[in-house]
Amino acid sequence: QVQLVESGGGLVQPGGSLRLSCAASGSIFSINYMGWYRQAPGKQRELVAAITSGGSTNYADSAKGRFTISRDNAKNTVYLQMNSLKPEDTAVYYCNADLLGVNGKWAHYWGQGTQVTVSS
């Protein structure tokens, strides 16, 4: 059994910062990819940032220059540092992982999401 648990969301004023964390736990052998997606009301879920175990990263255009994704492989944890937050960043943020379980099978997992609200 594998779980992804997000934390760090909350209410912040425009221009403020938050750091999201996602910890993967369970019967994990290795993690190939971890990333952050977000979904705002009435909109499609979109990729925000992703990182491989080797350190390669991808960012949405809207996140470049403001957000930074990082990981701690030893803790099976990924972080998203969000600076200069804007109201349009308001969404539920979901952690995603592509991992190899101890059963020898690759699979995608999703966290339950954490709410980020940027408002005055």
Pairs satisfying salt bridge (Lys or Arg N to Asp or Glu O under 4.0 Å), at least one member in residues 41-52, at least two apart:
Arg38-Glu46
Tyr33 pairs by side-chain contact (heavy atoms from CB on, under 4.5 Å) with which of Asn96, Ile51, Asn58?
Asn96
Cys22 and Trp36: which non-hydrogen atoms are nearest, and at how many Å?
CB-CZ2, 3.6 Å
Could you walk me through whether Arg66 and Asp89 satisfy the side-chain contact (heavy atoms from CB on, under 4.5 Å) test, starting with their C-alpha distance in whole Å, then the side-chain angles of each, then the deciding distance to 0.1 Å, before giving a yes or no?
CA-CA 11 Å; Arg66 299 188 299 125; Asp89 295 318; 2.8 Å; yes
Going by salt bridge (Lys or Arg N to Asp or Glu O under 4.0 Å), name the residues that satisfy it together with Arg19, two or more places apart in sequence or in a different chain.
none
Please confirm whether the backbone N or O of Ser53 pairs with a side-chain atom of Asn73, one donor and one acceptor, at under 3.5 Å?
yes
Apply the side-chain contact (heavy atoms from CB on, under 4.5 Å) test between Ile69 and each candidate in Thr57, Val48, Leu20; give the one that qualifies.
Thr57
State the CG-OG distance between Leu85 and Ser119, to the nearest 0.5 angstrom.
12.0 Å
All pairs passing disulfide bond (SG atoms under 2.5 Å apart) where residues 26-88 contributes a residue, at least two apart
none
Close side-chain approach of Lys86 and Val118, heavy atoms under 4.5 Å
no
Under 3.5 Å, side-chain donor or acceptor atoms of residues 2-15 against the rest of the protein: list the pairs with distances, not counting sequence neighbours.
| residue | atom | partner | partner atom | Å |
| --- | --- | --- | --- | --- |
| Glu6 | OE1 | Gln112 | N | 3.1 |
| Glu6 | OE1 | Gly113 | N | 3.0 |
| Glu6 | OE2 | Cys95 | N | 2.8 |
| Glu6 | OE2 | Gly113 | N | 3.1 |

Running the 4.5 Å side-chain criterion over Ile, Leu, Val, Met, Phe, Trp and Tyr, what cluster does Phe29 land in, apart from itself?
Leu100, Val102, Trp106
Give the cluster check for Met34 versus Tyr37: same hydrophobic cluster or not, with ILVMFWY residues linked at side-chain heavy-atom distances below 4.5 Å.
no
Can you pull out every disulfide bond (SG atoms under 2.5 Å apart) where at least one residue sits in residues 55-89? Sequence neighbours excluded, please.
none
So, using salt bridge (Lys or Arg N to Asp or Glu O under 4.0 Å) as the criterion, who are the partners of Lys64 when residues are at least two apart?
Asp61
Holding to side-chain hydrogen bond (donor to acceptor under 3.5 Å, both in side chains), I want the full list of residues that pass it with Thr117, two or more places apart in sequence or in another chain.
Gln115
Nearest heavy-atom neighbours spanning Ala91 and Tyr93
O-CD1, 3.4 Å
Residues in ring pair (Phe, Tyr, Trp, His ring centres under 6.0 Å) contact with Tyr59, at least two apart in sequence or another chain:
none
Pairs flagged by salt bridge (Lys or Arg N to Asp or Glu O under 4.0 Å) wherever residues 110-120 is involved - sequence neighbours left out
none
Considering only distance and modelled atom types, tabulate donor-acceptor pairs under 3.5 Å from the side chains of residues 75-82, sequence neighbours left out.
| residue | atom | partner | partner atom | Å |
| --- | --- | --- | --- | --- |
| Thr77 | OG1 | Lys75 | O | 3.0 |
| Gln81 | NE2 | Asn83 | OD1 | 3.0 |

Evaluate whether atom CD of Glu88 has more than 12 neighbouring non-hydrogen atoms of other residues, nucleotides or ligands under 6.0 angstrom away.
yes
Tell me, which pairs form a disulfide bond (SG atoms under 2.5 Å apart) where one or both residues lie in residues 54-89, sequence neighbours left out?
none
